[in-house]
Amino acid sequence: MKNKLTLLLPILLCLLASSAWADNSVMSAVKVITNNDGSQEYSVSLQILAMMTALSFIPAAVIMMTSFTRIIIVLSILRQALGLQQSPSNQVLVGITLFLSFFIMSPVLERVNDTALQPYLNEKMTSLEAFEAAKLPMQGFMLAQTRLTDIETFMRIAKVEANSPEEVPLRVLIPAFVTSELKTAFQIGFMVFIPFLIIDLVVASILMAMGMMMLSPMIVSLPFKLMLFVLVDGWSLIMGTLATSFGL
């Protein structure tokens, strides 16, 4: 019995010490710092926790606040117009869209880095000030691509008033931007679809005139659509059109 108590005593002491240390570390990590001017900041541990939580929203931000939506929709419509179901694959389309989005958004990201990220890392501004500074370039990009009618629609729904587009809050600007991007993407997709649709109609008419109604027009028109797309340097035209549509 004494041997058992002798073994249990050090274990209990270690558990108590570890719990006390954990409580102290938690209390020291979770605290609010009051600056000389009266403003308050959270401790570095809480800031890191907030940043780790914000990382889960990055995919949605990349899709909904950048050029990603317009590009992926146009490329998907292009694949459908060509009659190719699995080529290029979804992974290839997403990869192309991601790197083209980085190319288009690079001026905006550079301004965010210069005006917000670097000053924050150099401790020249607080986290809230860095967020406000980073918001301005993104807001300017979205405003340049958003139609005023869409902004007015969501302002009316949210019952928000603003004297200028720059005063529109992000909770109104983001859905208005996404709506405008969807409309623009379908407009570009319509223009891309028309030449291939004409080829399908011509091939279908020829096959019907020849009495070959059992042969699928898609099988015959596919080589002609691929040849046309290659001859006009279609990928370069599509990429250039998408890039210039954002004002580059």
Side-chain angles (χ1 to χ4, degrees), residues 54-113 134 137-147 150 154 170 173-204 216-248:
L55 288 177
S56 61
F57 295 96
I58 287 181
V62 169
I63 294 174
M64 295 301 165
M65 297 177 63
T66 65
S67 58
F68 191 94
T69 302
R70 183 188 304 185
I71 299 171
I72 193 64
I73 291 176
V74 172
L75 293 182
S76 299
I77 293 176
L78 172 64
R79 184 175 64 178
Q80 186 69 26
L82 287 170
L84 301 172
Q85 300 299 323
Q86 299 296 331
S87 182
S89 63
N90 292 331
Q91 292 85 351
V92 174
L93 289 184
V94 172
I96 294 173
T97 304
L98 187 61
F99 283 101
L100 188 58
S101 298
F102 283 142
F103 171 75
I104 294 171
M105 298 295 297
S106 58
V108 179
L109 297 178
E110 288 177 359
R111 289 198 295 271
V112 171
N113 181 66
M138 295 298 301
Q139 187 177 14
F141 170 79
M142 289 188 287
L143 282 174
Q145 309 300 327
T146 308
R147 295 174 176 82
D150 295 327
F154 283 95
L170 285 179
L173 179 59
I174 293 176
F177 170 74
V178 173
T179 304
S180 296
E181 285 295 284
L182 291 173
K183 182 176 181 180
T184 303
F186 279 105
Q187 288 176 340
I188 298 175
F190 172 79
M191 300 302 296
V192 170
F193 211 107
I194 290 299
F196 303 108
L197 179 61
I198 293 175
I199 294 178
D200 287 333
L201 291 175
V202 171
V203 171
S216 174
M218 295 293 295
I219 298 176
V220 181
S221 63
L222 179 58
F224 293 99
K225 290 190 287 187
L226 292 176
M227 181 182 65
L228 173 66
F229 191 70
V230 172
L231 288 177
V232 300
D233 199 6
W235 286 114
S236 178
L237 289 175
I238 292 294
M239 300 299 180
T241 300
L242 288 172
T244 54
S245 66
F246 289 95
L248 294 182

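Residue numbers start at 1 and run along the sequence shown. Note: hydrogens, waters and symmetry copies are ignored here, and every other heavy atom, side chains too, is used. Remember, predicted model here, so these are calculated numbers, not experimental data.
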Original post:
Can Arg70 be said to sit on top of Phe246's aromatic six-ring, NZ or CZ under 6.0 Å from centre and within 45° of the ring axis?
Top reply: yes
Original post:
Nearest 0.5 Å, what's the CG-OG1 distance between Leu75 and Thr97?
Top reply: 4.5 Å
Original post:
Roughly how far apart are Leu82 CG and Phe193 CZ, rounded to 0.5 Å?
Top reply: 9.0 Å
**OP:** Tell me, with the steps shown, if Met142 and Met64 meet side chain to side chain contact (heavy atoms under 4.5 Å, CB included).
**Re:** CA-CA 10 Å; Met142 289 188 287; Met64 295 301 165; over 6 Å; no
Original post:
Minimum heavy-atom separation for Glu181 to Gln145, with atom names?
Top reply: OE2-CB, 3.8 Å
Subject >> Distance (rounded to the nearest 0.5 Å) between Leu93 CG and Ser87 OG >> reply: 9.0 Å
Original post:
Taking all atoms of both residues into account, what is the closest heavy-atom pair of Ala185 and Val74, and its distance?
Top reply: O-CG2, 3.7 Å
Original post:
Side chains of Phe68 and Ile104: does their closest heavy-atom pair fall under 4.5 Å?
Top reply: no
**OP:** Please collect all salt bridge (Lys or Arg N to Asp or Glu O under 4.0 Å) contacts where either partner lies in residues 218-242, sequence neighbours excluded, each pair once.
**Re:** Asp200-Lys225
Original post:
Do Ile96 and Ile71 come within less than 4.5 Å of each other through their side chains, counting heavy atoms only?
Top reply: no
Original post:
Can you name the residues that form a ring-ring contact (aromatic ring centres under 6.0 Å, His included) with Phe229, not counting sequence neighbours?
Top reply: Trp235
Original post:
Just by distance, with hydrogens left out, do Ser180 and Asp150 show a side-chain donor and acceptor under 3.5 Å apart?
Top reply: yes
Original post:
Out of curiosity, Ile73 CD1 to Leu182 CG, how far, rounded to the nearest 0.5 Å?
Top reply: 4.5 Å
**OP:** Working to the nearest 0.5 Å, report the span between CD of Gln139 and CG of Leu170.
**Re:** 5.5 Å
Original post:
Looking at side-chain heavy atoms only, is the closest gap between Leu84 and Leu226 below 4.5 Å?
Top reply: yes
Subject >> Side chains of Arg79 and Asn90 in contact at under 4.5 Å (non-hydrogen atoms) >> reply: yes
**OP:** Measure the shortest side-chain to side-chain distance between Ile77 and Phe186 over non-hydrogen atoms and say whether it is less than 4.5 angstrom.
**Re:** yes
Subject >> Thr184 side chain reached by Arg147 side chain, heavy atoms, under 4.5 Å >> reply: yes
Subject >> Student check: side-chain heavy atoms of Thr179 and Phe154 closer than 4.5 Å >> reply: yes
Original post:
In Å and rounded to the nearest 0.5 Å, what is the OG to CG distance from Ser101 to Leu242?
Top reply: 9.5 Å
